[in-house]
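Residue numbers start at 1 and run along the sequence shown. Atoms within each ligand, like the ligands themselves, are counted from 1 in listed order.
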Amino acid sequence: MAVGVLALQGSFNEHIAALRRLGVKGVEIRKPEQLQSVTSLIIPGGESTTMAKLAEYHNLFPALREFVKMGKPVWGTCAGLIFLADKATGQKSGGQELIGGLDCTVHRNFFGSQIQSFEADLPVPQIADKEGGPPTFRAVFIRAPAILEVGPEVVVLAEIPVSSNKAVDPNPALENTEGSTGSGEKVIVAVKQGNLLATAFHPELTADTRWHSYFLKMVDEVGEGASSSICAVGGEFQKSRTDLPVYQ
Ligand SMILES: NC(=O)CC[C@H](N)C(=O)O
């Protein structure tokens with residue numbers, strides 16, 4: 001079984017390429033009926049208001065909400081995180097529709113405008129435990145949201161320090177490893193709640209595939225894993241490495 005990638009707008013090609021690097025087929029989803037052919041879904045980053053308008057135009061919201069309600073694994077990255085949140089602040093006037101299901105409140109542009117985009121070495125202890133590799137992940141934040149509040153079922157997978165004026169420490173792993181002084185304030189940037197995974201940053205833009213393989217393990221745990229497609233496209237994946245728009 002392949003992994004669906006919502007392909008209305010944003011970085012869906014990059015997610016499909018990242019899945020391919022793991023030997024898994026990503027299927028573009030644009031219409032409600034296409035959701036029936038997949039058992040898991042990635043909602044990419046992009047611009048959530050635009051994505052919501054397109055989802056509305058294609059009448060996707062009821063099918064997406066049903067998909068989440070059925071407990072199928074869904075991973076939202078950046079705008080995808082906003083889509084999955086039960087509540088969003090900092091929306092454009094008139095608001096925007098959300099899928100919901102993830103018991104949290106997000107701020108849509110917590111870190112500021114496009115030019116305040118940044119990269120950071122994010123401590124990811126649970127991911128490193130499960131996937132191996134270094135204890136940090138090079139995370140790309142593009143006009144990124146952050147999670148302000150989470151409900152009791154939500155497991156926090158990554159947090160990032162912010163100063164009082166919200167300037168972000170670009171290298172949080174290097175400073176104050178224990179008992180951080182400074183402002184001491186942190187915001188949540190990656191969470192898991194049951195079969196929902198959400199990251200405020202863009203793992204599809206880096207060569208490190210640990211978040212993708214973490215999600216694929218969630219898919220496998222639910223039952224109909226993506227592992228069968230690993231065999232199906234494994235050969236092709238080796239050949240197409242050069243098409244990756246990744247940051248190293
Ligand atoms: N890189 C992103 O997906 C940015 C999301 C953006 N903040 C929004 O509101 O949609």
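- Within ligand 1, the atoms closer than 4.0 Å to a non-hydrogen atom of I142 are 1 (N), 2 (C), 4 (C), numbered from 1 in the order shown.
- Close approach of ligand 1 to G45 (heavy-atom distance below 4.0 Å) involves ligand atoms 3 (O).
- On a distance-only criterion, T77 and ligand 1 share no N/O pair closer than 3.5 Å.
- Below 4.0 Å from some heavy atom of R143 lie the following atoms of ligand 1, by number and element: 4 (C), 5 (C), 6 (C), 7 (N).
- Residue A85 comes nearest to C104 through the heavy atom pair CB-SG, 3.9 Å, listed as atom of the first residue, atom of the second, then distance.
- Side-chain contact between H15 and W75 is present, with at least one heavy-atom pair separated by less than 4.5 Å.
- Between the side chains of Q9 and T50, not a single donor N or O lies within less than 3.5 Å of an accepting N or O.
- For an aromatic pair to be called close, the ring centres must be under 6.0 Å apart, and F61 with F83 satisfies this.
- Taking 4.0 Å as the cut-off, H202 counts as a neighbour of ligand 1 on heavy-atom distance.
- Below 4.0 Å from some heavy atom of C78 lie the following atoms of ligand 1, by number and element: 1 (N), 2 (C), 3 (O), 4 (C), 5 (C).
- Residue N109 approaches ligand 1 through these ligand atoms, each under 4.0 Å from one of its heavy atoms: 6 (C), 7 (N), 9 (O).
- For ligand 1, the polar-atom distance check against S48 finds a nitrogen or oxygen pair separated by under 3.5 Å.
- When side chains are defined from C-beta on, R108 counts as touching Q96, because their heavy atoms get closer than 4.5 Å.
- Within the listing of ligand 1, atoms 7 (N), 8 (C), 9 (O) sit less than 4.0 angstrom from a heavy atom of R108.
- In this structure, the separation between CZ on R30 and CG on L6 is 9.0 Å, given to the nearest 0.5 Å.
- The aromatic rings of W211 and F137 sit perpendicular to each other, their planes meeting at more than 60°, with 30° as the lower class boundary.
- Comparing heavy-atom distances from atom 3 (O) of ligand 1 across S11, G46, G76 singles out G46 as nearest.
- The closest side-chain heavy-atom distance from P145 to C78 is below 4.5 Å.
- The part of I82 lying near ligand 1 is the side chain, judged by heavy-atom distances below 4.0 Å.
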